[in-house]
Amino acid sequence: MVFIDVPLPARAPIGTIRHRVGYRLDGARATAQLSGAPQVLPRTRPSLLAPPLRGGPWLAIHAADWPRGHRRVFYRVDGHARLPGRFAIDWVKLDAHGRYANGDADLARAWYGAGADVLAVADARVAAVRDGMDEPARISQRTHHRPEDDAGNYVALQLPDGRYAFYEHLRKHSIRVAIGERVRVGQVIAALGFSGESTGPHLHFHMADANSPLGGEGLPFEIRAFERLGRYDDIARMGTPWQADDDAAARQDEWPGSNTVVRFAEGLAPDREQ
């Protein structure tokens with residue numbers, strides 16, 4: 001499996017791409033070439049969402065080049081391999097100095113994000129709910145889970161565009177909605193927790209094309225509005241001050257960049273159009 005990221009102009013009029021690979025075997029003098037058939041790029045726009053959380057600062061954890069990052073972890077379900085977290089973001093709350101916990105960072109309840117309100121990103125229908133998974137009191141007590149339990153306690157919302165929004169690692173017994181219920185954008189649906197395959201209290205959020213945490217293909221999304229404060233060039237520095245942006249300003253209709261620090265508005269999203 002080869003992963004390639006190619007930066008393109010923002011408005012590049014590209015409809016198809018073709019892969020051409022050149023290689024040379026050990027001991028061979030000539031270079032061989034292999035060309036693939038043209039691949040038509042999808043024209044469907046990313047889902048445009050309200051923030052899944054309020055306030056901040058929040059660290060948007062994701063990076064395409066991590067060997068075990070969301071974008072490279074395949075799950076094989078029903079005989080098909082998929083990348084449900086292709087565009088997933090893990091949201092960790094920080095304080096003004098970049099710290100993620102108040103006091104003993106091994107205590108889950110000391111993390112700033114623990115128990116934070118989790119919000120509906122759109123007017124939607126509740127498609128799936130799982131609750132009842134316990135959470136360890138300490139980070140050092142975490143254990144590994146079966147793949148089907150990785151999401152922990154979770155909620156899936158079916159959006160008007162037919163796609164599914166997944167909220168994972170929710171706090172036990174904090175889920176306020178039931179399957180089939182209609183929710184409104186900005187509505188509190190649960191609390192951020194530490195259930196499932198989690199390295200600490202955070203919200204895992206992703207969009208997918210199926211109502212399955214592991215059986216859907218991850219889809220792109222954009223957030224209507226947020227303020228970008230800065231970023232971490234090295235995620236290992238989380239817990240220390242982030243690198244502030246020279247041009248920190250409000251952003252609209254964007255997917256937060258790799259390991260950026262953002263702040264969301266405290267109230268409901270003013271634009272309810274889907």
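Computed from heavy atoms alone, side chains included, the values below leave out hydrogens, waters and symmetry copies.
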Which class fits the ring pair Trp111 and Tyr100: parallel under 30°, tilted 30 to 60°, perpendicular over 60°? tilted

Mind listing the closest non-hydrogen atom pair of Val118 and Ala191 along with its distance? CG2-C, 3.9 Å

Does Arg72 count as lying over the ring of Phe3, i.e. NZ or CZ under 6.0 Å from the six-ring centre, within 45 degrees of the axis? yes

Val185 and its side-chain contact (heavy atoms from CB on, under 4.5 Å) partner, picked from Asp123, Leu119, Val121: Asp123

For Trp242 versus Pro57, what's the shortest heavy-atom pair and its separation? CH2-CG, 3.7 Å

Can a salt bridge be assigned to the pair Lys172 and Asp134 using a cut-off of 4.0 Å between side-chain N and carboxylate O? yes

Euclidean distance, Arg171 CZ relative to Asn153 CG, rounded to 0.5 Å: 11.0 Å

Give a yes or no answer on whether the side chain of Asp131 reaches the backbone of His173 with a donor-acceptor pair at less than 3.5 Å. yes

Evaluate the criterion salt bridge (Lys or Arg N to Asp or Glu O under 4.0 Å) for residue pair Asp161 and Arg45; output intermediate values, then yes/no. CA-CA 10 Å; Asp161 61 12; Arg45 289 187 55 81; over 6 Å; no

Contact summary for Pro136 and Phe194, nearest pair of heavy atoms: CG-CE2, 3.2 Å

Please check if the distance between the ring centroids of Tyr167 and Phe205 is under 6.0 Å. yes

Just wondering, more than 12 heavy atoms not from Gln141 lying within 6.0 Å of its CD? yes

Might you point out which heavy atoms bring Ser212 and Phe166 nearest each other, and give the distance in Å? N-CZ, 3.3 Å

